[in-house]
Amino acid sequence: MFDVSIEELIRSFEGDVLAIVALSLRVSLSAVAIAAVIGMPLGAFVAVVRFPGRSIAVTLLNAMMGLPAVLVGLVVYLSLSRSGPLGGFGLLFTPAAMIVAQAVLTTPLVAALTRQTVEDAWRQHGETLRSLRLPLASRVRVLLWDCRFSVAAAFLAGLGRAMSEVGTVMIVGGNIDGFTRVMTTAIALETSKGDLPLAVALGIVLMALVLALNALVSTVRGVAMRRHGG
Amino acid sequence: MAAEVLDARRAAPAARAALDPLLSLRGIVFRPAERTILDHVDFDWDGAGVCALVGPNGAGKTVLLRTIHGLLAPHEGDVRFEGRSRPAGDLAFAGQALVFQHSSMFRGSALDNLLVVPGIGASGRERRECALAMLERVGLRELAQAPALKLSGGERQRLAIARAWLMRPRLLLLDEPTASLDPSATEQVEELIREIHDDGCRVLLTSHNLGQVSRLADEVVFLHRGRVLERTPVSAFFANPRTREARQFLQGALPWHLSSPP
């Protein structure tokens with residue numbers, strides 16, 4: 001069905017592939033780092049604080065985990081376009097725009113998964129933290145630290161979504177060769193052009209990266225669990 | 001330096017009214033979902049000696065302890081500690097510490113679990129010294145770096161007491177402090193409780209272990225079906241209980257009670 005030889009695959013790894021992989025990693029890791037900085041405290045805050053409308057906030061947060069990527073791309077595009085509210089920054093069709101879009105996409109995912117994890121920890125430690133008279137910020141810090149291995153999984157889920165996402169970065173990045181082309185947009189383009197060796201090579205790299213990240217986090221988590229128990 | 005910080009934390013608030021008892025409970029009712037757990041509990045305590053709350057399962061001892069600590073808001077009545085009402089928000093009373101029957105430990109070392117206590121030092125080094133000194137006091141210094149979740153039951157309970165003691169409370173509440181511990185671990189925990197009391201901290205505990213009550217307590221409050229039926233010196237309670245329920249409880253004949261009275 002596919003006429004792709006090993007030699008062609010190996011040749012495909014030369015040239016632009018490394019640059020595309022490097023840009024993909026830079027964009028996705030930056031986006032998820034931003035999502036973690038915003039989403040983890042936000043998720044922990046919703047888990048710990050009882051406020052009016054909290055159940056609506058939780059429902060919204062959970063619903064936004066499945067935010068349509070193309071819709072996010074469109075909203076970010078409109079915001080960053082010349083006539084949009086953030087048009088003055090001139091970010092459209094740059095890697096920065098792709099980072100913004102992926103951060104918007106992954107923040108609700110990281111926040112929702114963190115909320116669930118921290119809420120479970122709050123059930124376990126809530127009375128102890130109240131007894132210790134810890135203020136809100138300290139409670140969030142202690143709980144995030146206590147669930148750090150589970151929260152790492154939320155980070156990983158965000159990274160997985162960011163790295164495998166194509167629609168958003170295509171819209172706001174433009175898939176410009178050598179500038180905003182990442183693995184997923186390159187795979188889509190090369191497949192449509194019929195250049196299957198390059199598409200398959202990029203697919204293999206993408207899969208290997210996702211597997212390696214998962215393996216790394218699982219290993220760290222396993223070692224830490226054996227060390228700390230629980 | 002660490003000792004000075006601890007001493008400063010120990011000082012009772014100057015504003016405490018001289019005539020206020022340490023602890024004052026007035027008409028406390030706790031009735032979640034139409035089930036009465038505490039039924040008009042009145043209790044003044046000046047904090048002399050060690051006081052033990054005893055009673056059968058379901059009598060309301062743990063709920064009363066949590067209410068005293070400020071973790072539970074009573075549906076009726078007023079709790080005052082050193083003349084102050086229950087704090088706003090969800091914080092427990094300042095000046096108290098509670099050791100839970102099943103204390104939760106955070107995923108980290110024994111030392112890490114003490115470092116979560118707020119206000120134990122101005123700098124990181126001071127906090128660490130303070131926490132290590134406390135581990136020394138409870139005999140866990142050599143386990144400072146051991147994972148808290150891997151400690152034995154007795155070690156965990158001593159760590160929980162260390163965490164509470166580190167808060168320098170003026171009132172320490174202990175909920176079944178030696179439940180499910182072996183005799184040796186029980187003896188170590190009891191020794192710690194005596195030491196804390198000798199250090200000037202008032203101690204109020206619940207226990208099913210009547211031997212322990214006789215060894216540790218000076219006064220007994222007998223709870224039955226959410227009511228205080230008897231309050232008496234410990235020797236009198238064991239020698240001559242005044243109520244039929246207390247007599248039956250001491251004879252082990254009191255049926256377990258899980259529902260409110262008709």
Side-chain angles (χ1 to χ4, degrees), chain A residues 40-41 43-52 54-55 113-114 116-155 217-230, chain B residues 9 62-63 65-73 86-110 112-120 145-152 155-156 159-160 163-169 171-175:
Chain A
M40 285 177 184
F45 177 85
V46 174
V48 169
V49 180
R50 299 292 176 264
F51 55 90
R54 182 180 170 276
S55 60
L113 294 176
T114 302
Q116 186 59 59
T117 301
V118 172
E119 196 159 310
D120 291 344
W122 174 248
R123 274 191 210 103
Q124 187 185 351
H125 299 299
E127 285 201 322
T128 299
L129 294 172
R130 290 171 58 202
S131 178
L132 290 170
R133 294 180 55 78
L134 287 182
L136 175 63
S138 301
R139 293 180 193 188
V140 166
R141 183 177 51 77
V142 169
L143 289 173
L144 281 174
W145 175 71
D146 189 62
C147 327
R148 55 198 178 277
F149 307 123
S150 302
V151 168
F155 182 88
V217 171
S218 293
T219 306
V220 170
R221 194 175 173 183
V223 169
M225 286 291 192
R226 276 196 295 280
R227 175 167 158 63
H228 293 293
Chain B
R9 287 166 57 80
T62 295
V63 170
L65 218 56
R66 281 171 152 79
T67 305
I68 289 170
H69 194 38
L71 294 179
L72 294 177
R86 187 173 176 270
D90 67 351
L91 293 178
F93 272 108
Q96 293 187 10
L98 170 60
V99 176
F100 296 90
Q101 183 175 354
H102 303 289
S103 294
S104 71
M105 290 294 155
F106 301 104
R107 196 168 279 115
S109 67
D112 291 334
N113 271 271
L114 295 197
L115 290 174
V116 298
V117 176
I120 56 172
Q145 298 304 330
L149 295 175
K150 290 197 167 181
L151 297 178
S152 71
E155 288 163 348
R156 270 178 80 150
L159 184 60
R163 192 165 61 189
W165 199 3
L166 199 53
M167 294 178 75
R168 288 291 156 187
L171 172 62
L172 177 65
L173 307 166
L174 299 127
D175 191 10

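Each chain gets a letter, A, B and so on, in the order the sequences are listed, and its residues count up from 1.
No donor-acceptor distance shorter than 3.5 angstrom exists from the side chain of B:Arg107 to the backbone of A:Cys147, with no hydrogens or angles considered.
Proximity to chain A (any heavy atom under 4.5 Å) is shown, for B:Phe106, by both the backbone and the side chain. Contacts of B:Ala94 with chain A are made by both backbone and side-chain atoms, with heavy-atom separations under 4.5 Å.
If you take CG on A:Leu132 and CG on B:Leu98, they are separated by 10.0 Å, rounding to the nearest 0.5 Å.
Among A:Arg50, A:His125, A:Arg148, A:Arg141, the residue making the largest number of heavy-atom pairs under 4.5 Å with chain B is A:His125.
Looking only at side-chain heavy atoms (C-beta outward), A:Thr128 and B:Arg163 come within less than 4.5 Å of each other.
When all heavy atoms are compared, the tightest approach of A:Leu134 to B:Val116 is CD2-O, 3.4 Å. Nearest heavy atoms, B:Ala92 versus A:Ser131: CB-CA, 3.9 Å.
Ion pair B:Asp90/A:Arg133 not flagged as a salt bridge, since none of the NZ, NE, NH1 or NH2 atoms sits closer than 4.0 Å to an Asp/Glu carboxylate oxygen.
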side-chain contact (heavy atoms from CB on, under 4.5 Å) assessment of A:Glu127 paired with B:Arg66 = CA-CA 9 Å; A:Glu127 285 201 322; B:Arg66 281 171 152 79; 2.5 Å; yes
